[in-house]
Amino acid sequence: MIRLTVQMILLAFLVTFVACNAPPVPLDDIVIEKTFTPERCDRMVKSGDFVRYHYIGMFPDGKKFDSSYDRGTTYNVFVGQKKLIAGMDKALVGMCVNERWMIKIPPQLAYGKDGYGDIIPPDSILHFDVLMLDVWNTEDKVQIKTYHKPESCERTVQVSDYVRYHYNGTLLDGTLFDSSHTRMRTYDTYVGIGWLIAGMDQGLLGMCVGEKRIITIPPFLGYGENGDGSDIPGQASLVFDVVLLDLHNPKDEITVQVENLPDPCPRKSEVGDFMRYHYNGSLLDGTFFDSSYSRNRTYDTYIGKGYVIAGMDQGLLGVCVGERRRIVIPPHLGYGEEGTGTTIPGSAVLVFDVHIIDFHNPSDKVEISSVKPENCTYNAKRGDFVKYHYNATLMDGTNISSTHTYGKTYNVVLGAGQVVLGMEQGLIGMCVGEKRKLVIPPHLAYGERGVDGEVPGSAVLVFDVEMVEMEEGLPDGYMFVWNNDVSPDLFSEMDKNKDAQVDSTEFSDYILQQVEEGKGRLAPGFDPQRIIENMYDNQDRNKDGRITEDEFKLKADEPTHDEL
C-alpha cells in the first residue's frame, strides 16, 4: 500500500515535468499576456486607429525572426483594416500607450500553411513582444486639457495675437523632444496665421496669461508623415505642456486702470509737465523687473516729450497728484522686439503700477490760497521784517519741517534772499493773522538738487503759513533812516571830543542813541552793529579809520551808498 502511494506521487511529478517542457500546443485563438500596464490609460486602441509600436517577433522557442528595434523605426499602421496579419489586427485592439503585451498568434491567424518565404515556416505559431507608443484616429481633433487657470482673465488669445510662452514637447509615450525651458527663452510667435503647426495654432486660442494647458496634437495637425527630420518621427502625436506668459496684438494701445483717484484733484498732468512718481514694473505674468521703491527714489522726468517710452508718455497724461494707476504697455510702445537685453525680454508687454508723487510745469508760478482776518490794515512788502509759523510738506503729504516743532517763529526780511524765491512771493501782501497755503514749484524752491536728506530734487513744496508779527522795513536801498529832520550840526554832534574827526566808537554811539530816542531807524531783521559798521565804512572814504567833515556826506548827497 505504501509502495503504491509512492509510485502514484512519482507518476504525478513526471506528468507535470513533461507538461512544462512539452512542444507548443496548437492555439485556437490569440493569447495575450500583459507584461506591463501603465497606471493611467487615457485611450485604448480601437479598430480604425492608426498606431505606432515597437515589437520583437519570435517563434515559441524564443528564436527571433524580426524586430522593429533592429530597424531603428517603429511600425506604423492602421488597425482593423487588414494591413496586418489577422491575429495582430485583433490583438492590438484595447492596448494603451506605453502598455507592453506578449501576443501569441496561431498560424491560422498569421501566415498559415504557406508561411512567409524563408523567414516563417508553414503552420508557425508567432510570438510578438509589443510596446505601444502612439495611437490616433483620422477623426481626431486637437485635445486641450487646462490644469491651471488664473483667477483673473481679462483677455484670451485670439487670431493674429502675438504670444510668448514656455513649453515642454513630448511624444505620446512621454519622450521629450524639445523644451523652451532648457533654452531659458520663451517661444514668441503670432497665433492663427500659419506661423505654427496647425494644431498649436488651434491649441493656443482662448488661453489666458498664466494659464497652463496640455495640448495633444494628432500628426496630421503636427509634422505629418515625415516628422521634423530629427527628433519627431513621422506620424507622431505631439503633446505640449504650455504656460502662457504674454499676449498682445500689434493693434493694441496702452490700457490704464485707475486704482485710486484722490478727491479733490485740482489739476491733471499735461504734455510738458515735469513729474515725480514711484513705480513697480513687471511683465504680464507678474515677473518683476524694476522698481523705484527699491532705489528709495522717485523717477523724475518730463512727460509727453519722449523722455520715457511712448506707452509711459501716454499713460502719465491726465493723472492727479496722489493717483495710483496701472499702465499696461504693449511692446511696440515699450521696448519692442529687442527688449532691454537684460531684464525685459523682446516683445514683452509691460505692467507699471504707478503712484504719482507730484508734478509741475516750468512755467508754473506760486499758487496762493488765503484766509484773511477781518482787520487787515497793512500788507507785507519788500524790506519788511516778518515773523511767521509754517508747516512744510511735499505734495504727497510727507512732512519736511515745521516751526511748531521748535515753538519759534521763522523770521525773515522780505526781499533779502533769506528764503526761497517762491516763499518770498507767497509772503508778499500778507497781513498779521492771515493764513495762506502756498504751493511752490521746484524752480522757485530748491530746484533739481533739493536739500540733501530733507527735500528731494525737483520737488513741489506745500507751505501752510500763518503771519504772526510784522515790522515795516525801510525804503529799498536804505539800512538807516531819520524819523525827523536831520540836524544841521550832525557832524559836530557826532564828534564828541571835538578833534574834527569821528572815530568808529563815536559814530556807533551816536547812531544807537538816535535809534533809542526814536529819531532814527535801522533796517529791521539785520544785525545793528553790522549795519553801523557798513555805514561807517562807506563814510570813511580814504580808509584811514577816521571820518573828517570833508568825507562826511548824507544819503541824499550820494545816493549810491546805503548810509545816512
Worksheet item: Applying salt bridge (charged side-chain N to carboxylate O under 4.0 Å, His left out), which residue pairs with at least one partner in residues 236-246 are found, sequence neighbours left out?
Response: R164-D246
Discussion item. Does this structure show an ion pair linking K268 with D273, if we count only N-O contacts that are shorter than 4.0 Å?
Written reply: no
Worksheet entry | Distance-minimising heavy-atom pair for I327 and I329 | CG2-CG1, 3.7 Å
Fill in: Whether Y116 and Y111 hold their rings parallel, tilted or perpendicular, with breakpoints at 30° and 60°
tilted
Worksheet item: Heavy atoms, side chains only, cut-off 4.5 Å: are R213 and Y165 in contact?
Response: no
Worksheet entry | Heavy-atom check, side chain of R326 versus side chain of V351, under 4.5 Å | yes
Worksheet item: Run the side-chain contact (heavy atoms from CB on, under 4.5 Å) check on R43 and V97 step by step: do they pass?
Response: CA-CA 8 Å; R43 175 174 181 173; V97 171; over 6 Å; no
Worksheet item: Looking at CD of Q235 and CZ of F50, how far apart are the two atoms once the value is rounded to the nearest 0.5 Å?
Response: 4.0 Å
Item to complete: Please report the C-alpha distance between S180 and H166 in whole Å, then the side-chain angles of each, then the deciding distance to 0.1 Å, and finally whether the side-chain hydrogen bond (donor to acceptor under 3.5 Å, both in side chains) criterion is met.
Response: CA-CA 5 Å; S180 63; H166 270 304; 2.7 Å; yes
Worksheet item: With a 4.5 Å heavy-atom cut-off, do M95 and M44 have their side chains touching?
Response: no
Item to complete: Say whether H389 and T403, considering side chains only, have a donor N or O and an acceptor N or O under 3.5 Å apart.
Response: yes
Practice prompt. Identify whether the distance between the nearest side-chain nitrogen and carboxylate oxygen of D42 and K145 falls below 4.0 Å.
Written response: no
Worksheet item: Do you know the tightest heavy-atom contact between L284 and V328?
Response: CD1-CG1, 4.2 Å
Discussion item. Using side-chain heavy atoms (C-beta onward) and a distance below 4.5 Å, is V79 in contact with V93?
Written reply: yes
Item to complete: Would you give the length of the straight line joining atom NE2 of H332 to atom CD1 of I309, rounded to the nearest 0.5 angstrom?
Response: 11.5 Å
Discussion item. Checking N399 now: which residues fulfil side chain to side chain donor-acceptor pair (under 3.5 Å) with it, not counting sequence neighbours?
Written reply: none
Discussion item. Are F128 and W101 an aromatic pair, judged by ring center distance below 6.0 Å?
Written reply: no
Item to complete: Determine yes or no for a side-chain-to-main-chain donor-acceptor pair under 3.5 angstrom, with T186 supplying the side chain and D188 the backbone.
Response: no
Worksheet item: Closest approach of D134 and S237, non-hydrogen atoms and distance?
Response: OD2-N, 2.6 Å
List the atom pairs, with distances to 0.1 Å, where a side-chain N or O of residues 193-210 and a protein N or O form a donor-acceptor pair under 3.5 Å, not counting sequence neighbours.
| from | atom 1 | to | atom 2 | distance (Å) |
| --- | --- | --- | --- | --- |
| D201 | OD1 | G192 | N | 2.7 |
| D201 | OD2 | G194 | N | 3.2 |

Worksheet item: Would you say the side chains of S347 and E337 form a donor-acceptor pair under 3.5 Å?
Response: no
Item to complete: Compute whether any side-chain donor of one residue and acceptor of the other, for S292 and Y277, lie under 3.5 angstrom apart.
Response: no
Worksheet entry | Side-chain ion pair, D396 and R276, N-O less than 4.0 Å | no
Worksheet item: Got a salt bridge between D129 and K64, using NZ or NE/NH1/NH2 to carboxylate O under 4.0 Å?
Response: no
Item to complete: Could you list all the side chain to side chain donor-acceptor pair (under 3.5 Å) pairs where at least one residue sits in residues 434-451, not counting sequence neighbours?
Response: S370-E434, K372-E434, E434-R436
Discussion item. Could you work out, with salt bridge (Lys or Arg N to Asp or Glu O under 4.0 Å) as the rule, every residue matching D231, not counting sequence neighbours?
Written reply: none
Worksheet item: With side chains defined as the heavy atoms from C-beta onward, is the minimum distance between L317 and V271 less than 4.5 Å?
Response: yes
Practice prompt. Could I get the full list of side chain to side chain donor-acceptor pair (under 3.5 Å) partners for T343, not counting sequence neighbours?
Written response: none
Item to complete: Could you grab the distance from atom CE of M430 to atom CD1 of I368, nearest 0.5 Å is fine?
Response: 9.0 Å
Discussion item. Applying the side chain to side chain contact (heavy atoms under 4.5 Å, CB included) criterion to M275, which one of V308, I356, V354 satisfies it?
Written reply: I356
Discussion item. So, taking the atom named OG1 in T37 and the one named CZ in R40, what distance separates them when rounded to the nearest 0.5 Å?
Written reply: 15.0 Å
Worksheet item: Within the side chain of H360, is there an N or O that forms a donor-acceptor pair under 3.5 Å with the backbone of A459?
Response: no
Fill in: Taking every non-hydrogen atom, the tightest pair across M132 and V45
CE-CG2, 4.0 Å
Worksheet item: Thinking salt bridges, do D178 and R183 make one under a 4.0 Å N-O criterion?
Response: yes
Worksheet item: In chain order, what residues pass the side chain to side chain donor-acceptor pair (under 3.5 Å) check against D89, with sequence neighbours excluded?
Response: none
Discussion item. Strictly by disulfide (SG to SG under 2.5 Å), give each pair with a member in residues 209-289 just once, sequence neighbours left out.
Written reply: C265-C320
Worksheet item: Can a salt bridge be assigned to the pair E367 and K365 using a cut-off of 4.0 Å between side-chain N and carboxylate O?
Response: no
Practice prompt. Examine distances only and state if a side-chain atom of T35 and a backbone atom of R100 form a donor-acceptor pair shorter than 3.5 Å.
Written response: yes
Worksheet entry | Where G281 and Y279 come nearest, the two heavy atoms and their spacing | N-CD1, 3.8 Å
Worksheet item: Just checking, is any N or O donor in the side chain of E211 or T146 under 3.5 Å from an acceptor N or O on the other one?
Response: yes
Fill in: No-hydrogen, no-angle side-chain donor-acceptor test under 3.5 Å, N137 and D49
yes
Fill in: Between N249 and D161: side-chain donor-acceptor atoms closer than 3.5 Å
yes
Discussion item. Looking only at side-chain N and O atoms, does T74 offer a donor or acceptor that is under 3.5 Å from a partner on H54?
Written reply: no
Discussion item. Distance check, rounded to the nearest 0.5 Å: L461 atom CG versus L444 atom CG?
Written reply: 10.5 Å
Output a table of donor-acceptor pairs, distance under 3.5 Å, between side-chain atoms of residues 255-263 and any protein atom two or more places apart or on a different chain; print 'none' if there are none.
none

Fill in: Test side chain to side chain donor-acceptor pair (under 3.5 Å) applied to T301 - qualifying residues, sequence neighbours left out
none
Worksheet item: Do D300 and S458 have side-chain N/O donor and acceptor atoms under 3.5 Å apart?
Response: no
Worksheet item: Can you list the residues that meet the salt bridge (Lys or Arg N to Asp or Glu O under 4.0 Å) rule with D173, with sequence neighbours excluded?
Response: none
Item to complete: Answer whether the closest heavy-atom distance between the side chains of P456 and L394 falls below 4.5 Å.
Response: yes
Practice prompt. May I ask you to check whether F289 and Y335 place their ring centers less than 6.0 Å from one another?
Written response: no
Worksheet entry | salt bridge (Lys or Arg N to Asp or Glu O under 4.0 Å) involving D66 - partner list, sequence neighbours excluded | R71
Discussion item. Is the positively charged end of K305 above the ring of Y307, judged by distance under 6.0 angstrom from the centroid and angle within 45° of the axis?
Written reply: no
Discussion item. With rounding to the nearest 0.5 angstrom, report the OG1 to CD1 distance, T175 to I232.
Written reply: 11.5 Å
Practice prompt. Mind telling me whether Y302 and F274 have parallel, tilted or perpendicular rings, with 30° and 60° as the class edges?
Written response: perpendicular
Fill in: Atom of F240, atom of G169 and distance for their closest heavy-atom approach
CD2-CA, 4.0 Å
Practice prompt. Would you indicate whether the side-chain heavy atoms of L427 and M467 approach each other to under 4.5 Å?
Written response: yes
Worksheet item: Would you say V460 and P442 make side-chain contact, with heavy atoms under 4.5 Å?
Response: yes
